[in-house]
Amino acid sequence: MNFRFADIVLPLAQPAYTFAVPEGVTVAEGEAVSVQFGPRKYYTGIVWRLHDRPPAARRIKAVERRLYDRPLLDAGGRALWEWLAAYYLCSLGEVMRCALPALMKPSADSARQLLDEEFRPRTETYYTLAPDYADPAALDALFDRLERRAPKQHAALLELLDERERSASAEVARRLLPAERPVLNALCRKGVLEACEHERTVERGAPHFRLPTLTPHQQAALDRLRADFAAGRTAALLHGITGSGKTELYIHLIAETLAAGDDVLLLVPEIALTAQLIERMERIFGSRVTAYHSRLTDRRRSETYLRLTHSAGGEFVVGVRSSIFLPLRRLRLVIVDEEHDASYKQTEPAPRYAARDVAVWLAQRVGGHAVLGSATPSLETWLHAATGKYGRAELTERYGAAQPPAILLSDTRRAARRNERSGHFNKLLLDKIAATLARGEQVMLFQNRRGFAPYLECPECGWTARCPHCNVTLTYHKARGQLVCHYCGHTVEAMRRCPACKAAELQPMGFGTEKIEEQIAALFPEARVARLDRDKATSERAYGEIIADFAAHRTDILVGTQMIAKGFDFEGVALVGVLNADNLLNNPDFRAGERAYQLLTQVAGRAGRRAAPGEVVIQTADPSHPLLLQVVAGDYEAMARAQLAERRDFGYPPYARLLLFTLRHRDPALLRRGASALAGQLRERFGGRLLGPIAPPVDRIRGEYLLSLLLKIEAKASSLRARELVAGELRRFAADAAFKTITVSVNVDPQ
Ligand code: ADP
Ligand code: ZN
Ligand code: ZN
């Protein structure tokens, strides 16, 4: 049946637009097409709905032509996009921008140019044995003949049959055959082989994998997960300390799913660590592993996307948050490793989605399962598991001889009173560093702030250097002799004398990784010191070199921000020092406690991934802080209960859902009027559930002023209804000519 109109989603922050489908053009829902939009701009769009209702607009443009030989989205994919747009309050066009690799959605100034830029996957020649030789007797006879008359062809045919056997696939790619092209051509001319040209496929062996033998504890946890799923739960928490074998459990579940011909998605946080995990998975699952992350070229990502649209199943993707958009048509298992990791949430631009939550939604939709693994789960997940909505399995022991580290708190104020402090180091930490280095072992030092000092201050008049575009102080980077804004990148040469009173020299206040590096190098002149933070890891290569040097023990002490906290297995690290836990705890965010626990536990886990237990020294001005005591005791549950009690009292997630609105404009007066108007509108609907307008902690960025509104909805209330009301009010606000120039962004479930 041919429809006359198509609603088409374009990669713009816009709703779908209606186009005419010309005579003789057939398109289907989920297919990509090229269309002209605006005076002379051509876009790739996705056919969302076909219908016969003429739109209100008088002049309506026609679809130019169809792109690709297959739909890019099936019904499941369209359902995902629609759910994302509705839940995260954005347009389908914004979802499209984020979901498809860039090469797959070119836009251009002419139809001709768009045609040139259309993405085409690489193709390759594939050979199959002609059907005449399916019969073993005919094949035998052929071999006899060839052996006598054409030994090269005989050899080529044998190679092809071997390869066919090995890859369990009738078609064999040219690149896997050692024979020369003329030999293969000759076999084709004789009607022995058939050749065809098509997109690269991935060779797949039969799904028999060598799996690790689980310990009785691990086996019990795996059985528990299976029982939870068998009881009808979609998601389960795998709560296991670092090194307890969570990954080994994943491997068993993955193998099972692949053996059934179904697809698996393993989500990993967005850090270089992905490489380690991918390698580990490839050792077991070989060519079945498909990696999907931002360090791959866009071409590779586009080819992966297209290949999956016609895969027969048995796919295993290991990827970062955007892999939730891949068209895995037989998805049955989604695993989210380190499910608490903040990188699963996209903050900018829209859709501001949380991949962990999308993973659970996906599993639910396909009737499959989601496993959320972590040593320090998010409180949202933990509460779901505690109330029985999610299943739960626990692993409380490290595998093998590895012991958890011993954690000590070291009081900075007391050390200062007793004169037991050099620079930012307590004597306890320095003594332990000296002893560790003397044993030929390695040290990691963690400071959650980069640069040399957070700011420069005049001791005379109190002047501080501030960014002219953002409402923050400039961070002092000593080695570069510069002051840098960490929000907009604004950089100026550091001055020595106070430009305000000209009476005194500016003093660095507070400290960052650069200062720690300088001090530790002065205290231990023989030690080889390196630093890892965003200033140092400017490229993938620079990052890799710092890590490789430390892994090979070419450096003794590694100073870093949370970049050093995540997952590396450095055998030689015997001591971890945390310079200042206080700035983690004294953060006004309601998640500060949870995040501090997660980060400190993760940093501590870097010590002693070996037989001898490692040591961790955490410096703090408040050694009786309950959260630090929970970290020392490794008592996640005590932390969770305490934090949840506070969240319940103050109406924060998981007991409420938050929607954060941020309004931006260069004119602060107009912005204030706009924010009050929107607040008034929302207050009419939601009453006291709306807070604000409030100035966020940094209320001017890149010359624009910011104001925010926060909506708190009880977790029990219908979130669908709330979202509809919000969407309606946002439309009303956007339609107000007075506020047209104000940018409003909505962050649902902000992190
Ligand atoms: P987690 O994912 O919980 O941090 P891993 O699965 O990475 O833990 O296990 C930690 C280390 O112990 C890994 O090197 C892993 O190979 C090893 N290990 C864990 N369980 C087993 C097992 N059953 N057999 C062999 N090695 C194991
Ligand atoms: Zn001054
Ligand atoms: Zn700035």
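Atoms within each ligand, like the ligands themselves, are counted from 1 in listed order. All values derive from a computational prediction rather than experimental measurement.
- Which of Arg280, Gln219, His217 comes nearest to atom 7 (O) of ligand 1 through a heavy atom is settled by distance: it is Arg280.
- Taking the six-membered ring for Trp and the full ring otherwise, the centers of His469 and Tyr487 sit at least 6.0 Å from each other.
- When Arg398, His252, Glu248 are ranked by how near their heavy atoms come to atom 15 (C) of ligand 1, first place goes to Glu248.
- The environment of His252 atom NE2 is dense: over 12 non-hydrogen atoms of other residues, nucleotides or ligands sit within 6.0 angstrom.
- Taking every heavy atom of both residues into account, Asp535 and Arg450 meet most closely at OD1-NH1, 2.7 Å.
- The part of Ile241 lying near ligand 1 is the backbone, judged by heavy-atom distances below 4.0 Å.
- Listed by number with element, the atoms of ligand 1 under 4.0 angstrom from any heavy atom of Leu214 are 23 (N).
- Closest approach of Val632 and Ile407 over heavy atoms only: CG1-O, 3.7 Å.
- Listed here is the closest heavy atom pair of Phe209 and Ile284: CD2-O, 3.7 Å.
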For this session: Give the C-alpha distance, both sets of side-chain angles, the deciding distance and a yes or no for ring-ring contact (aromatic ring centres under 6.0 Å, His included) between Phe229 and His369.
Result: CA-CA 7 Å; Phe229 292 143; His369 300 128; 4.1 Å; yes
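- Between the side chains of Gln751 and Arg595, at least one donor N or O lies within less than 3.5 Å of an accepting N or O.
- Cation-pi geometry between Arg321 and Tyr344 is not met at under 6.0 angstrom from the ring centre and within 45 degrees of the axis.
- Rounded to 10°, the angle formed at the Zn ion (ligand 2) by Cys458 SG and Cys501 SG is 110°.
- For the pair Thr213 and ligand 1, the shortest N or O to N or O distance falls below 3.5 Å.
- Within the 4.5 Å cutoff, side-chain heavy atoms of Leu372 are placed close to those of Arg356.
- A donor-acceptor contact shorter than 3.5 Å links the side chain of Asp263 to the backbone of Gly314.
- Among the atoms of Gly243, some N or O lies under 3.5 angstrom from an N or O of ligand 1.
- Less than 2.8 Å away from the Zn ion (ligand 3), the protein contributes these N/O/S atoms: Cys467 SG, Cys470 SG, Cys485 SG, Cys488 SG.
- Some N or O of Gly245 is nearer than 3.5 Å to an N or O of ligand 1, by distance alone.
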